[in-house]
Amino acid sequence: MSNLFVLFNVKLRKQQPPQRENNRIGNPALNIFIRHKHTDNHLSNHLLQLCLYLGRRDFVDHVEHVDPIDGVLKIDPSALNGKKVWIQLACAFHYGREDLDVIGVSFRKDIWIKRIQMHPFEGTKPPNTPMQDALLKKVGDQGHPFTFDIPVHLPCSVSLQPAPEDAGKPCGVDYEVKAYIANEEDETDEKAVKKDTCRLIIRKIQYAPSELAAGPKTDLNKQFITADKPIHVEASMEKELYYHGDPIPIKVKVNNETSKVVKKIKISIHQITDVLLYSADKYHKCVLNEEFADQINANSTFEKEYRVTPLLANNKEKRGLSLDGKLKDEDTNLASSTILLPNMDKQIQGLVVSYKIRVTLIMGGGLLGSLTLSDITAELPLILMSPKPAGLI
């Protein structure tokens with residue numbers, strides 16, 4: 001009866017591939033992410049050649065160091081037929097859809113790859129982490145711990161929002177842990193690798209630093225041709241960094257010493273993505289644009305604080321918008337600002353994301369219309385990130 005149940009269970013997983021692709025065992029103390037690969041023998045064999053276990057899929061970049069990737073690989077040596085087993089961590093930049101790869105031309109560039117031979121094992125094993133000890137209790141005697149250390153100069157996981165009709169893996173930077181069976185470490189026969197491979201996408205993420213600098217401030221004087229005195233604009237924020245989803249307060253002060261009238265005030269937030277790895281492209285996307293019907297009369301002063309909140313929910317249709325790396329079927333947000341160490345090589349980052357706020361005074365028409373007047377725009381830098389979870393060091 002037990003063999004019949006296992007056979008039925010294998011068939012059920014084949015009918016529901018999404019559950020098989022991202023299988024998680026829930027536990028009050030531990031979440032285990034599993035990716036497994038069945039043998040290609042007939043179903044009555046019921047063997048698992050490889051099974052990849054990770055306790056989490058988000059690994060934090062603390063700027064000066066990155067959390068190690070610690071997991072366990074379950075190997076059934078009786079099903080290997082004399083072949084070897086490797087595990088690989090790869091950071092790659094995708095700049096085209098996989099289904100467009102033709103005549104051997106791939107729209108993917110590997111930024112960094114590291115491999116470890118797991119069976120037969122070669123090298124020196126580091127001490128197990130508490131996570132690996134917990135995973136080994138689940139896996140049993142066939143479990144083999146592995147650890148990868150990610151260099152600090154590698155980029156965080158970022159993806160570009162695809163159009164609704166786009167299919168396949170989105171453009172951007174991602175990290176993949178892959179275990180595979182092969183005769184040689186760098187075997188390139190795709191059919192052989194895919195046949196004997198299990199993969200799991202992880203994310204390298206950054207959280208907002210604990211110490212925040214003072215907020216930026218900008219002053220601007222605008223002199224019109226037909227006016228003797230200028231109009232002075234001051235825009236400022238209390239701090240330089242704000243969290244995704246939180247309102248951003250912006251203070252605006254205006255001293256209008258001219259005879260001109262400010263019709264209204266517009267505040268916009270722009271995301272700038274520098275694509276550095278394969279070209280020198282730069283993409284500007286407006287993620288927030290709000291107008292306020294505050295009129296500033298001639299020879300008067302004005303002061304007000306505005307609160308605006310840029311959200312991905314309001315930008316779902318914008319193709320090419322940078323997002324924080326997304327795991328399958330999970331929500332994400334606008335890409336966090338890229339934080340780099342001093343003198344770090346930007347070229348290897350693939351995508352560098354930054355934000356700026358524009359405060360624009362929309363001027364009323366003069367005697368000669370737009371020939372004598374133009375709108376006034378002051379800019380502020382903005383850092384947008386996720387808060388560090390409670391208890392995270």
Side-chain angles (χ1 to χ4, degrees), residues 208-209 211-273 282-315 318 321 333-337 353-385 387:
E211 297 181 2
L212 303 180
K217 176 181 175 182
T218 184
D219 292 282
L220 184 66
N221 281 309
K222 175 72 174 182
Q223 183 75 51
F224 295 109
I225 297 175
T226 58
D228 295 331
K229 295 183 179 180
I231 182 170
H232 177 75
V233 182
E234 178 186 300
S236 62
M237 298 189 296
E238 291 182 355
K239 53 185 181 179
E240 65 171 355
L241 187 151
Y242 288 87
Y243 300 144
H244 293 292
D246 284 356
I248 301 172
I250 303 166
K251 292 182 180 179
V252 179
K253 296 181 181 179
V254 179
N255 182 13
N256 184 8
E257 299 183 87
T258 72
S259 59
K260 316 303 179 186
V261 175
V262 178
K263 293 173 56 179
K264 55 187 175 182
I265 295 176
K266 180 174 72 172
I267 295 179
S268 57
I269 298 179
H270 300 260
Q271 180 193 81
I272 302 97
T273 302
K282 181 174 287 192
Y283 298 101
H284 291 254
K285 300 288 181 180
C286 181
V287 297
L288 179 139
N289 188 25
E290 295 187 15
E291 293 186 354
F292 303 90
D294 291 319
Q295 181 171 299
I296 305 173
N297 294 322
N299 298 303
S300 67
T301 59
F302 174 84
E303 183 174 344
K304 186 175 181 179
E305 181 179 272
Y306 298 93
R307 302 176 74 86
V308 295
T309 309
L311 296 171
L312 175 58
N314 300 329
N315 295 276
K318 292 182 179 178
L321 190 67
N333 42 250
L334 296 171
S336 297
S337 301
V353 179
S354 60
Y355 293 87
K356 63 182 176 183
I357 297 174
R358 287 179 178 168
V359 178
T360 303
L361 307 187
I362 309 296
M363 305 301 296
L367 293 176
L368 300 178
S370 59
L371 293 177
T372 57
L373 290 180
S374 60
D375 297 338
I376 304 170
T377 300
E379 292 189 354
L380 293 168
L382 169 67
I383 299 177
L384 199 60
M385 300 189 77

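Only this structure's heavy atoms are used, side chains among them; waters, hydrogens and symmetry mates stay out.
Here the rule is side chain to side chain contact (heavy atoms under 4.5 Å, CB included) with Lys304, and of Val254, Asp294, Val252, Ile296 only Asp294 fits it.
The distance from the CD1 atom of Ile267 to the CZ atom of Arg307 is 11.5 Å, given to the nearest 0.5 Å. Here the straight-line distance linking atom NZ of Lys264 with atom CD of Gln295 works out to 11.5 Å at 0.5 Å rounding. Atoms CG and CG, on Leu241 and Leu382 in that order, are 8.0 Å from each other to the nearest 0.5 Å. In this structure, the separation between CD on Glu234 and CD on Glu303 is 8.0 Å, given to the nearest 0.5 Å. Of the inter-residue distances, the one linking Lys318 atom NZ with Gln271 atom CD reads 9.5 Å to the nearest 0.5 angstrom. With values rounded to the nearest 0.5 angstrom, Glu379 atom CD is found 10.5 Å from Ile357 atom CD1.
Side-chain N/O atoms of Ser354 and Ser337 include no donor and acceptor closer than 3.5 Å. Between Ser236 and Lys253, the side chains place no donor N or O within less than 3.5 Å of an acceptor N or O (distance only, hydrogens not considered). Between Asn221 and Gln223, the side chains place no donor N or O within less than 3.5 Å of an acceptor N or O (distance only, hydrogens not considered).
Two residues are said to be in side-chain contact when any heavy atoms from C-beta on lie closer than 4.5 Å; Tyr242 and Met237 meet this criterion. For the pair Glu240 and Pro381, the minimum side-chain heavy-atom distance is 4.5 Å or more. Contact of the Ile265 side chain with the Tyr306 side chain is registered, since non-hydrogen atoms from C-beta on lie closer than 4.5 Å. Counting heavy atoms from C-beta on, the side chains of Ile269 and Leu384 never come closer than 4.5 Å. Here the side chains of Val308 and Ile250 are in contact, with some heavy-atom distance below 4.5 Å. Within the 4.5 Å cutoff, the side chain of Ile248 has no heavy atoms near those of the Leu288 side chain. Residues Thr309 and Asn314 fail the side-chain proximity criterion, which asks for heavy atoms closer than 4.5 Å. Counting heavy atoms from C-beta on, the side chains of Ile231 and Leu361 come closer than 4.5 Å.
By the 6.0 Å contact criterion, NZ on Lys251 is open, its count of non-hydrogen atoms from other residues, nucleotides or ligands being 12 or less. Around atom NZ of Lys217, no more than 12 heavy atoms belonging to other residues, nucleotides or ligands sit under 6.0 Å away. Heavy-atom contacts from other residues, nucleotides or ligands closer than 6.0 Å to NZ of Lys239 number more than 12. Few gaps surround NZ on Lys356; more than 12 heavy atoms of other groups in view lie less than 6.0 Å from it. Environment of CD in Glu238: sparse, with no more than 12 heavy atoms of neighbouring residues, nucleotides or ligands closer than 6.0 Å.
Between Ser268 and Asn289, the closest heavy-atom pair is CB-OD1, 3.9 Å. Nearest heavy-atom pair, His244 versus Ala335, reported as atom, atom and distance to 0.1 Å: CE1-O, 3.9 Å. Here the shortest heavy-atom pairing between Ala235 and Val359 reads CB-CG2, 4.2 Å.
Panel note: side chain Asn315, backbone Val287; a donor-acceptor pair is recorded below 3.5 Å. Between the Thr273 side chain and the Val353 main chain, no donor and acceptor come within less than 3.5 Å of each other. Between the side chain of Asp375 and the backbone N or O of Met363 there is at least one donor-acceptor pair closer than 3.5 Å. Within the 3.5 Å criterion, the main-chain N or O of Asn297 finds a donor-acceptor partner in the side chain of Asn256.
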| query | Please walk me through it: do Leu334 and Tyr355 pass side chain to side chain contact (heavy atoms under 4.5 Å, CB included)? | reply | CA-CA 11 Å; Leu334 296 171; Tyr355 293 87; 3.5 Å; yes
| Does the side chain to side chain contact (heavy atoms under 4.5 Å, CB included) test come out yes or no for Asn333 and Tyr243, once each step is laid out? | CA-CA 11 Å; Asn333 42 250; Tyr243 300 144; over 6 Å; no
